Amino acid sequence: MDELMAQRVRKLEELRRMGMDPFQITRFDRTHTASEVHRRFDELEGKAVTLAGRLVARRGHGRAAFLDLADHTGRIQLHVTEDRLGPEAYGRLDLVDLGDFIGVSGEVFRTRRGEVSIAVSELRILSKSLRPLPEKFHGLRDAEAKHRRRYLHLIAEPEVRDLFVARSRMITAIRHLLDERGFVEVETPMMQAIHGGAAARPFVTHHNALDIDLYLRIAPELYLKRLIVGGFDRVYEINRNFRNEGMDRDHSPEFTMLELYQSYADYHQIMELTTEIIRTAAVAVSGAMKARFAGHEIDLGADWHVRTMDEVLREFAGVSLADLSDDSAAKAVARAKEVDPDGPVTVATVLNKVFDIYVQPNLVEPTYVTEFPVAVSPFAKRKPDQPELTERFELFIAGQETANAFSELNDPLDQRARFEDQARQRAAGDEEAQPMDEDFLRALEHGMPPTGGLGIGMDRLFMLLTGTESIRDVILFPHMRPRAEEY
RNA sequence: GACCCGGUAGCUCAGUGGUAGAGCAGCGGACUUUUAAUCCGUUGGUCGGAGGUUCAAGUCCUCCCCGGGUCACCA
């Protein structure tokens, strides 16, 4: 390693001696990109173009050579000859290494073998690469290296960059859709004194000036609803949530969430909006209303199913909500279905477990599951005719939970009772039960209009739309345990 | 957290107890239409770390570190 770097440093020093220090260059004006030259060859043939990029391959032939230049759009072949550059400039190519950034000017032509190329008349080294790049043919195979050194992964596999561009396009398309619908994008606290809005353990940090502990948010929900109280009609936020849980193929400690709240809308209207958001996202990603995941190909253009929690429980688990009337009934169900919730055995934990194991994997075509019990829905409004159930849905596609929404509970007295119930579950050992939030209750006490709310995990949605099996592959810099050599 | 698999040259990988290897990259040389260019020569290694067994350890044993997978936990 030291030797390979030392060789390159020597070449850099040689360039500096000749007054051609590549690191002094601040600007280089390009006329075209690599893909433009390919696409518009017919009109560019014989014309002069100027491009810049990274040198990624070299095939020498004595007094001539072929170089491959890669920019953000693709690759283009360069043809350099001693005749055209002159012996001095041609000799200087010895100081250029694979990985260096170069700028070239020359005429567009096509080689005998049909390769669109540039006959280089001028070449400048724009920046030097002091470390060797991964091998050209096999690229970077080591999954650890791909995630730890994403810059190398991106160099070795340009398709990876395309994937992240698609992710960006997806989120932009969702923003446009929501902006068109009168939603206002807002930013609410990432650091919160009380963490609420979801069931998860938080990260804790410390504010020195205030000398208080703060939690990284597990959800923005309770702040976004305060904005509805304050008079915003429709708000959304697309940003990071943090959850201090295990990491695996579909859990990252920080992940990107869309949450939106729409005044005077119920969960049926939110359902329609959800379908629209996901179809819009799909088109932005692939140009088609398609999702693929875990071997499933899903047509998002077909009708989506709507089924109640009770229906799907009966069909796939042979259990009805009536069988889960209280905690002792839940214990019996847990025994009968051989599920073993970690921690306390309650209606909430048994229902979650039975659903996860027996029901969820069967929900392959887009399916809205509605009417969740109050016990698992601390912020959802009750159904007027069945007060033990809520106006809530979750959307499942390819067995993956894709969205969660409800008519928001705006009755402050009921909300206080739900918090108190959560406090009891917390006391019973459920670390993820909601902590009481007096200020949020106070906001509701001032009055919140009827409101529909929605959450969609952006990472998982993107995985679903692209068939990506690991969340680490849709996050540019996934968290990893630091290695000593990185300090 | 448990179990399984992996960690050898810059990169991709061989090497199951007896002198650490190959391809690519690099370096030197030949070559003015190649594209995984070709041909000749050649440099490069704390074999993830620490102990142990053995005359001898990349290889066997123990512990540890890092990653991947499965399960558990979790939206």
Side-chain angles (χ1 to χ4, degrees), chain A residues 1-8 10-11 56-69 75-85 90 94 97-99 109-117 119 129-149 152-153 155-156 197-201 218-219 241 243-253 255 257 339-343 349 352-353 355-357 360 376 394-396 400-404 430-432 455-457 459-461 469-473 478-486:
Chain A
M1 181 68 245
D2 285 340
E3 178 52 30
L4 294 176
M5 263 186 88
Q7 284 168 355
R8 287 172 177 233
R10 280 196 292 275
K11 293 179 188 175
V56 292
R58 162 151 56 189
R59 296 172 292 282
H61 292 268
R63 290 175 156 64
F66 292 97
L67 311 177
D68 289 346
L69 184 77
R75 288 184 175 206
I76 184 97
Q77 178 170 272
L78 311 177
H79 190 221
V80 291
T81 64
E82 193 179 80
D83 291 348
R84 227 179 287 114
L85 286 178
Y90 191 79
D94 290 343
D97 287 298
L98 290 186
F109 78 110
R110 199 190 280 278
T111 64
R112 244 179 250 161
R113 297 287 185 93
E115 182 78 20
V116 171
S117 307
S129 165
L130 297 181
R131 276 185 197 272
L133 294 174
E135 185 233 357
K136 59 186 171 181
F137 188 62
H138 297 94
L140 199 60
R141 288 277 179 82
D142 179 25
E144 181 173 357
K146 288 179 181 182
H147 295 136
R148 256 185 225 286
R149 299 206 232 278
L152 284 183
H153 190 202
I155 293 167
R201 283 182 293 177
I218 58 175
N241 287 347
R243 299 188 183 177
N244 205 343
E245 315 273 8
M247 300 160 66
D248 60 28
R249 285 177 2 146
D250 39 33
H251 293 85
S252 168
F255 61 97
M257 190 76 170
V339 298
D340 182 20
D342 184 73
T349 58
N352 282 333
K353 200 85 188 163
F355 185 86
D356 285 353
I357 293 171
Q360 189 167 330
V376 295
E394 286 191 350
L395 169 65
F396 294 87
Q400 307 295 307
E401 185 202 330
T402 306
N404 180 22
D430 185 351
E431 282 183 69
E432 299 185 337
I456 301 177
D459 313 271
R460 290 198 188 167
L461 175 59
E469 305 259 325
S470 171
I471 198 168
R472 293 184 198 91
D473 292 330
H479 286 285
M480 308 202 91
R481 192 178 289 278
R483 306 192 71 159
E485 68 207 45
E486 292 181 340

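The figures here come from the full heavy-atom set of this structure, side chains too, leaving out hydrogens, waters and symmetry mates. Naming convention: chains lettered A, B, ... in sequence-line order (proteins, then strands); numbering from 1 in each chain. Predicted model, so just to flag it, every value in this text is computed and none were measured.
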Q: Round to the nearest Å and state the distance from A:L152 atom CG to B:A25 atom P.
A: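 Atom-to-atom, A:L152 to B:A25, this comes out as 18 Å.
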Q: Taking atom C1' of B:U35 as reference, at what distance in whole Å does atom CZ of A:R112 sit?
A: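 Result: 14 Å.
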Q: Between the side chains of A:D68 and A:R59, is the shortest nitrogen-to-carboxylate-oxygen separation below 4.0 Å, so that they form an ion pair?
A: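 Result for this pair is yes, salt bridge flagged.
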Q: Need to verify one output field. Residue with the more 5' nearest nucleotide on RNA chain B, A:S117 or A:M247?
A: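 With A:S117 and A:M247 compared, the 5'-side residue is A:S117.
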Q: OP1 or OP2 of B:U34 less than 4.0 angstrom from a side-chain nitrogen or oxygen of A:R110, does that happen here?
A: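 No.
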Q: Find which nucleotide of RNA chain B each of A:D83 and A:A145 is nearest to by heavy atoms, and output the residue with the more 5' nucleotide.
A: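 Per heavy-atom nearest nucleotide, the more 5' residue is A:A145.
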Q: Kindly say whether A:S129 contributes a backbone atom to a donor-acceptor pair with the side chain of A:R8 at under 3.5 angstrom?
A: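 Here the side-chain-to-backbone pair exists.
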Q: Under a 3.5 Å limit for both distances, which nucleotide forms a Watson-Crick or G-U wobble pair with B:G1, could you say?
A: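 Per the H-bond distance test, B:C71.
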Q: Tell me: CD of A:E82 to C1' of B:A30, nearest whole Å?
A: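 In whole Å, B:A30 C1' lies 15 Å from A:E82 CD.
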Q: Got a list of protein N/O to nucleotides 36-40 of chain B N/O distances below 3.5 Å?
A:
from  : atom 1 : to     : atom 2 : distance (Å)
B:A36 : O3'    : A:K136 : NZ     : 3.3
B:A37 : OP1    : A:K136 : NZ     : 2.1
B:A37 : OP2    : A:R59  : NH1    : 3.4
B:A37 : N7     : A:G60  : O      : 3.4
B:A37 : N6     : A:G60  : O      : 2.4

Q: What is the distance from CZ of A:F109 to P of B:U33, rounded to the nearest Å?
A: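 Rounded to the whole Å, the gap is 11 Å.
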Q: Measuring from the side chain of A:D97 (C-beta onward, heavy atoms only), which nucleotide among B:C27, B:G68, B:U33 has the closest atom?
A: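 Among the listed nucleotides, the one closest to the side chain of A:D97 is B:C27.
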Q: List the atom of A:I471, the atom of A:D248, and the distance in Å for their closest heavy-atom pair.
A: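 For A:I471 and A:D248, the tightest heavy-atom pair comes out as CG2-O, 3.7 Å.
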Q: Kindly give the heavy-atom pair with the smallest separation between A:L130 and A:M5, and that separation in Å.
A: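 Result for this residue pair: O-CG, 3.0 Å.
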Q: What is the base-pairing partner of B:U33, counting Watson-Crick and G-U wobble geometry with both distances under 3.5 Å?
A: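 Partner of B:U33: none found under 3.5 Å.
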Q: Once you round it to whole Å, what is the distance between C1' of B:U12 and CD of A:E144?
A: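 In whole Å, B:U12 C1' and A:E144 CD are 16 Å from each other.
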Q: Measure from the side-chain heavy atoms of A:R63 and tell me the nearest of B:A25, B:U35, B:U32.
A: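 The listed nucleotide nearest to A:R63's side chain is B:U32.
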Q: Of the listed nucleotides (B:G69, B:C27, B:G26), which one gets closest to any side-chain atom of A:K11?
A: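 Nearest to the side chain of A:K11 among the choices is B:C27.
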Q: Give the nucleotide from the list B:U34, B:G68, B:C27 with an atom nearest to the side chain of A:Q7.
A: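 Nearest to the side chain of A:Q7 among the choices is B:C27.
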Q: Does a nitrogen or oxygen in the side chain of A:R141 sit under 4.0 Å from OP1 or OP2 of B:C13?
A: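 Checking B:C13 against A:R141, a side-chain N or O does come within under 4.0 Å of OP1 or OP2.
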Q: Consider the side chain of A:K353, meaning its heavy atoms from C-beta on, and name the nucleotide among B:G67, B:C73, B:U32 that approaches it most closely.
A: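 That would be B:C73.
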Q: Check the distance between B:C71's C1' and A:E245's CD and give it to me in whole angstrom.
A: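 My rounded result for the distance is 17 Å.
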Q: To the side chain of A:R249, which of B:G26, B:U70, B:C11 is closest?
A: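 The closest nucleotide is B:U70.
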Q: For B:A25, which nucleotide in any strand shown is its Watson-Crick or wobble partner with both distances under 3.5 Å?
A: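 Partner of B:A25: none found under 3.5 Å.
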Q: So, is A:R148 near the phosphate of B:G67, with a side-chain N or O under 4.0 Å from OP1 or OP2?
A: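 Checking B:G67 against A:R148, a side-chain N or O does come within under 4.0 Å of OP1 or OP2.
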Q: With under 30° as parallel and over 60° as perpendicular, where do the rings of A:F66 and A:H61 fit, or are they tilted in between?
A: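 Perpendicular: the ring planes of A:F66 and A:H61 meet at over 60°.
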Q: When you measure from the side chain of A:H147 to the backbone of A:A143, do you find a donor-acceptor pair of N or O atoms at a distance under 3.5 Å?
A: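 It does hold such a pair.
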Q: A:D142 has an atom CG; how far is it from atom P of B:G10, in whole Å?
A: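 Going from CG in A:D142 over to P in B:G10 covers 14 Å.
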Q: With a 3.5 Å limit on both atom pairs, tell me what B:C63 is paired to, counting Watson-Crick and G-U wobble, or say none.
A: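 Result: B:G49.
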Q: Provide, to the nearest angstrom, the distance between the CG atom belonging to A:L67 and the P atom belonging to B:A25.
A: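 Rounding to the nearest Å, CG of A:L67 and P of B:A25 are 14 Å apart.
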Q: Closer than 4.0 Å, any side-chain N/O of A:R113 to the OP1 or OP2 of B:U34?
A: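 For A:R113, the contact criterion (side-chain N or O under 4.0 Å from OP1 or OP2 of B:U34) is met.
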